[in-house]
Amino acid sequence: MDTTKIDASKYKMLLKSYIESQNEQSLYGAEQITKTFIKNNILPEEIVNLHIQALTELYPDLLIEFKHSMNFLLETMISYGLAHQEYQYLREKQSQIKSEISVAANVQDTLLKTTVPQIDELDIGVISVPAHQMNGDYHHFIQGKDGSIGIAIADVIGKGIPAALCMSMIKYAMDSFPEQLMRPNSILENLNRVVERNVDPSMFITMFYAQFDPDSGKLFYSSAGHEPGFLYNAVTKEFQDIEARGLVLGINSDSTYKQYELQLNKGDIVIMLTDGVTECRGGKKFIEREEALDIIRQYIHLPPQEAAEMIYKHFENLQDFNLKDDFTLIILEKKV
Amino acid sequence: MEISINVKEENEKVVINVSGEIDVFTAPQLKEKIIPLVSAENAEVIVDFKDVNYMDSTGLGVLINAYKATKVNNSHIKIINLQDRVYRIFTITGLDEVMDINPVMRGGIK
């Protein structure tokens, strides 16, 4: 109440000074006092009221018509005041939602945490960057009792929070499969049934699942409509697409998936990615798969983790780069 | 990024001409038009993609939604004149094997 009183007399002084001399200084003072009003949630009609009081005190002989007009103005300001209060309320609500999402994002991070397996036969690098607060990409490593390494990479379509929630479903479904079922094709077949039963009709998931057997150096894999990866041949120094046919998860409950195999030799590199990598844009221009591969090629000589990070940095530094989709890149290099 | 969607009825069929880019911003407009049409019992819906030069996964989601609706309502959806870039999305996702789609016409009638 006291501050209001002080403000009121300050307002009166500034008003008087301005009416008498129209000086810049009082206008500046008005700007400053408005800031305090806003800070203290003083509503527009209260300011008009302040103005009326100040004016009446300074000039008691004002025209009665003028006084009436000021009261009229006061009334018209009331709706503005209400709109302003609503705006304040929404601002608070928004910051509350923001903090809830950031808590959810942390929960998701914890849930989807995966440890990169350390084995002599394979060097693994990975980077996953969400376009928004929550990641709709998923990747997961599993080290089997038989020594094999399972690598899953998936993209939930639908972005943002619904996609992220769906991701958690995938994670739980995967955790519940017994180890003897952990073959790429049977994993996709089982996941497909779970997804088909549980997702919104416009949502779907693409997934590439690979299993590396360190004893034979073979990579077994199946794809559910996922962006094809690349195989780098250490001898020819050339890249080729890792083609694998298969329907995206969640369309038909009885989809089956073909399992492919690939013999990896020393120095061969397998690159798995999501379409955030091949579909990102620099400004208005699309980055084509070929261009993405050109960028990958520049860093492929580096150790996998470093290469993954440098490739992402390269994209990030492109002019007007704008990450429209979640970006995940996994690089596997056969060491021996 | 603009999209225009024209619906016309030809004989027993509904033809939807789409032009522009289908992405996260424009896909809801496509969904609004297409889903009620394919949800009519026994409907024959043809979607012409001749003038669609870009579609992202959100757009694909709308078409999957439409495809699922046809299975429930015994209706049919066919997507024709897909440009290469858009057609590629269907081949990668394996949808070209379950949905009725035709890539862009080259040099006359196919």
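The chains referred to below are lettered A, B, ... by the order of the sequence lines, with proteins before strands, and numbering in each begins at 1.
Atom NZ of A:K313 is surrounded by 12 or fewer heavy atoms from other residues, nucleotides or ligands within 6.0 Å. Shown here is B:N11, whose CG atom has no more than 12 heavy atoms of other residues, nucleotides or ligands within 6.0 Å. B:E32 CD: 12 or fewer foreign heavy atoms inside a 6.0 Å radius. More than 12 non-hydrogen atoms from other residues, nucleotides or ligands lie less than 6.0 angstrom from CD of A:Q263. Within a 6.0 Å radius of CD in A:E290, other residues, nucleotides and ligands contribute 12 heavy atoms or fewer.
Heavy-atom distances place no part of B:L63 under 4.5 Å from chain A, backbone and side chain included.
The candidate with the highest count of non-hydrogen atom pairs below 4.5 Å against chain A, out of B:G61, B:A27, B:A69, is B:G61.
Within the 4.5 Å cutoff, the side chain of A:L247 has no heavy atoms near those of the B:T93 side chain. Here the side chains of A:R245 and B:D96 are in contact, with some heavy-atom distance below 4.5 Å.
In this structure, B:K31 and A:S202 approach most closely via the heavy-atom pair NZ-OG, 3.9 Å. Counting all heavy atoms, side chain and backbone alike, A:P201 lies closest to B:I64 at O-CG2, 3.6 Å.
Residue B:R88 holds its CZ atom at 4.5 Å from CD of A:E227, rounded to the nearest 0.5 Å. The CD atom of B:E97 lies 13.0 Å from the CD1 atom of A:I251; values are rounded to the nearest 0.5 Å.
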